[in-house]
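Notes follow the structure.
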Amino acid sequence: MLVRRTAAVLAAAALLLAAVPASGAAVTTGTAAVSADVRASDCLVAVPTGGECGVLTVPEYRADPDSRIIELPYVHVRSDHPTEPPLVFMNGGPGSGSLQLAGYFADGLGLRESRDVVVLEQRGGARSTPSLQCPGAAAAMADAFITTEDPYEEFEPAAIAMRDCLDAFEDDGGDPRGYTVAETAQDLRDLREALGYDSWSAYGLSWSTQVMAELARIDPAGVDAVVLDSFSAPDRDFAATAYEGLELSLDRLGQRSGGDFPDPYADLLAAADLLDADPVAVDGHNPVTGQPRTFRLTGDDLVTFVHAGLYDVELLPVIPYLLDRLADGETGALGTLVDVGVDELTSHTLGQYWVMQCQDEVPYRRAGAGRASPLIEWLVADEVVCAELGLPSPPAPPAPVAFTQPALVLAGGDDPVTPAPAADEATAALPDRRFLEFAGVGHAVLLSSRCGRESVAAWLADPARDVGGLCDRATPAYDVVGAGDLHPTTRVAQVALAAGDGGDWRALALPAAFALLCVAWLVGWLAPVVAGAARARRGSTARRGAASTLAAGVAPVAGTVFLLAAGGLIWAAATSLPTQLLVGVPRAVPWLGLLLVVGAAGMVLTARRTATARGRLALADAALVWLAFAAWFVVVVVLPS
């Protein structure tokens with residue numbers, strides 16, 4: 001259950017620090033009386049003004065009276081004028097960090113105006129002590145995509161690395177039995193009591209919706225309302241739901257394409273068949289080790305990476321276009337999918353993810369769900385790793401969600417992993433529920449929908465309010481990119497990514513040289529133009545000189561107009577939907593190459609009128625830069641890829 005980390009959202013999240021007054025609360029759980037305490041600590045992330053950071057200490061496994069104590073960092077943002085119950089949040093995954101989103105809730109949603117906000121890190125997460133980070137397993141997970149073997153064999157190295165990591169964890173005194181939804185829910189109850197709150201509202205996202213639902217069940221007096229965003233039903237076969245969600249998401253995108261892409265799922269299957277017959281090598285890097293890798297993509301790899309891409313509200317609208325191209329054998333954009341997919345699969349704390357999933361969820365998947373065709377390979381990795389670890393699972397399958405507090409259930413209409421119909425059905429029996437679906441949204445409504453954020457804030461202020469008509473949930477933020485909207489080229493994005501993320505500015509050397517040439521030439525040409533206009537009023541000889549000067553301006557003017565027009569079109573496209581540039585550029589951009597032809601013709605005219613050797617040499621140098629850039633433009637922009 002992965003939550004895509006949206007860079008723009010995390011950049012907008014301002015976070016917190018200060019001191020948290022220490023306190024303690026006795027908790028009786030299982031067979032032993034154990035204590036939970038909080039103490040002030042240094043902040044591990046940037047925090048909003050006036051925020052506080054602390055550590056919650058709890059037993060690792062409450063059923064064991066000799067359990068060691070673990071430390072879970074939290075962020076506490078206090079309201080100056082609290083009039084409503086506090087809100088507690090934990091991110092999804094499992095294995096996704098939470099603390100970095102404290103400011104997003106407190107300031108981004110404006111909740112601190114009327115309530116305190118508390119964010120707790122997950123036990124076993126990267127910032128907790130101990131941490132179940134297993135970089136060797138994560139690196140092996142990424143490297144599984146460099147071969148074309150059966151996926152059940154490809155993930156064996158990751159399983160062995162995870163086994164080694166867990167052995168070391170247990171040798172250190174760790175008890176994996178403590179890393180479950182049930183124990184995590186009790187962490188939140190202990191934190192509420194330790195902070196001295198009588199009750200609070202709970203916000204769960206993806207996997208942590210299970211945690212918040214369990215918290216509401218075990219602590220009914222301490223939880224007054226629950227938000228379940230991208231609900232992951234504990235009693236449903238998660239693998240089967242993910243496959244259903246993939247097909248449903250693509251079907252809905254096809255319906256929104258206006259007939260351009262009637263069946264994106266069929267295109268996905270066709271493209272997968274092509275890659276199975278002829279795997280494609282794509283250069284990239286292992287995001288864990290930073291080492292360069294050549295990924296060899298099969299149909300199962302494609303399905304896996306497309307599924308990961310469907311999480312992102314900005315990538316969703318271009319996927320039908322991309323699949324149509326891939327089904328036609330055009331594989332240029334596979335590099336982008338590899339970057340998205342491999343990063344998504346390794347961006348969370350994988351050791352924590354597997355220890356929790358192998359106990360709570362994987363044992364209850366439908367037999368053979370992971371062996372669908374084609375495969376979503378991270379589900380295969382779960383099966384392979386969990387078989388290697390052999391962790392115990394609860395004696396009874398997870399029960400349907402059941403609590404009595406008011407609940408707001410948010411679902412993305414295009415969510416490929418916790419699809420809206422499944423979330424609706426799984427929560428329908430809750431006695432006081434509001435269900436809201438948001439068109440054009442993938443996973444994590446909070447991070448993807450302005451309307452979703454407005455609905456959450458309004459509902460938390462009054463859980464009895466019907467917020468269904470508060471804003472437009474039916475209109476997607478982005479239209480699906482149509483077949484005729486773009487000129488298909490992935491090389492522009494590859495150049496931009498090489499210069500930006502890769503830091504290789506040589507990729508932009510020719511465009512930069514061409515831009516400098518045009519600007520310098522234009523500035524140097526303007527003065528003679530003005531002077532020539534004055535001489536033209538004094539006689540025919542001056543007018544002949546003015547004609548030569550004007551001819552010399554054809555190239556710099558054409559080049560400058562080209563730069564402004566191409567830059568303006570690409571900027572407008574990036575502003576409206578930046579991800580469309582991953583698969584193409586506005587259709588008018590290649591036609592702007594005619595201005596380069598006009599400029600070259602202007603150079604020829606200028607050469608005929610240039611009498612000095614120095615002038616001809618300068619013009620020859622300019623012509624070399626011009627022609628080199630023109631060739632670059634043809635290869636990178638004009639030729640489809």
Side-chain angles (χ1 to χ4, degrees), residues 280-283 318 321-322 324-326 328-337 339 481-502 504-522 551-574 578-607 618-641:
V280 172
V282 176
D283 290 333
V318 306
Y321 184 99
L322 172 63
D324 180 70
R325 297 281 296 159
L326 291 172
D328 286 340
E330 301 294 339
T331 59
L334 284 176
T336 298
L337 275 180
D339 289 340
V481 173
D485 292 347
L486 299 174
H487 171 73
T489 174
T490 60
R491 297 191 184 99
V492 173
Q494 291 168 2
V495 167
L497 290 171
D501 295 343
D504 184 6
W505 292 100
R506 292 173 299 178
L508 293 177
L510 271 175
F514 178 77
L516 288 174
L517 169 66
C518 291
V519 172
W521 195 347
L522 183 67
V554 171
V557 170
T560 303
V561 172
F562 168 87
L563 289 171
L564 292 175
L569 288 170
I570 291 174
W571 177 263
T579 52
Q580 65 185 305
L581 297 178
L582 297 174
V583 293
V585 295
R587 294 191 67 85
V589 172
W591 291 100
L592 294 175
L594 294 174
L595 289 170
L596 299 178
V597 176
V598 171
M603 287 185 176
V604 173
L605 291 176
T606 303
L619 189 60
D621 290 340
L624 285 175
V625 173
W626 193 283
L627 293 175
F629 173 75
W632 180 94
F633 182 77
V634 169
V635 171
V636 173
V637 177
V638 177
L639 295 180
S641 63

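Basis for what follows: all heavy atoms, side chains included, without hydrogens, waters or symmetry-related copies. This is a predicted model, so every value here is computed, not measured.
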Do [X] and [Y] come close enough that some side-chain heavy atom pair is under 4.5 Å?
X: Leu322; Y: Leu582; result: no
X: Val583; Y: Pro488; result: no
X: Val495; Y: Leu508; result: yes
X: Leu326; Y: Leu334; result: yes

Is the side chain of [X] donor-acceptor paired with the backbone N or O of [Y] at a distance under 3.5 Å, no angle test?
X: Ser641; Y: Gly332; result: no
X: Arg325; Y: Thr331; result: no
X: Gln580; Y: Ala574; result: no

Q) What are the two closest non-hydrogen atoms of Ala622 and Met603, and how far apart are they? A) O-CE, 3.8 Å

Q.
Can you give me the closest heavy-atom contact between Ala555 and Trp521, atom names plus distance?
A.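 In this case the closest contact between Ala555 and Trp521 is CB-CH2, 3.6 Å.
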
Q) Does the pair Arg491 and Leu639 meet the rule for a side-chain contact (heavy atoms from CB on, under 4.5 Å), with working shown? A) CA-CA 9 Å; Arg491 297 191 184 99; Leu639 295 180; 3.9 Å; yes

Q) Of all residues at least two apart in sequence or in a different chain, which pass the ring pair (Phe, Tyr, Trp, His ring centres under 6.0 Å) check with Trp632? A) Phe629

**Q.** Interatomic spacing from CZ in Phe514 to CG in Leu563 - rounded to 0.5 Å
**A.**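 So the CZ of Phe514 and the CG of Leu563 are separated by 5.0 Å.
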
**Q.** Spacing of OG1 belonging to Thr489 relative to CD belonging to Gln494, to within rounding of 0.5 Å
**A.**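 That separation rounds to 7.5 Å.
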
Donor-acceptor contacts, no H, no angles, side chain residues 585-600, under 3.5 Å, sequence neighbours left out:
{"from": "Arg587", "atom 1": "NH1", "to": "Leu486", "atom 2": "O", "distance (Å)": "3.0"}

Q) Do the ring centers of Phe633 and Phe562 come within less than 6.0 Å of each other? A) yes

Q.
Using the rule given for side-chain contact (heavy atoms from CB on, under 4.5 Å), can you reason through Leu581 versus Val492, listing the C-alpha separation, both sets of side-chain angles and the distance that settles it, and then say yes or no?
A. CA-CA 7 Å; Leu581 297 178; Val492 173; 5.8 Å; no

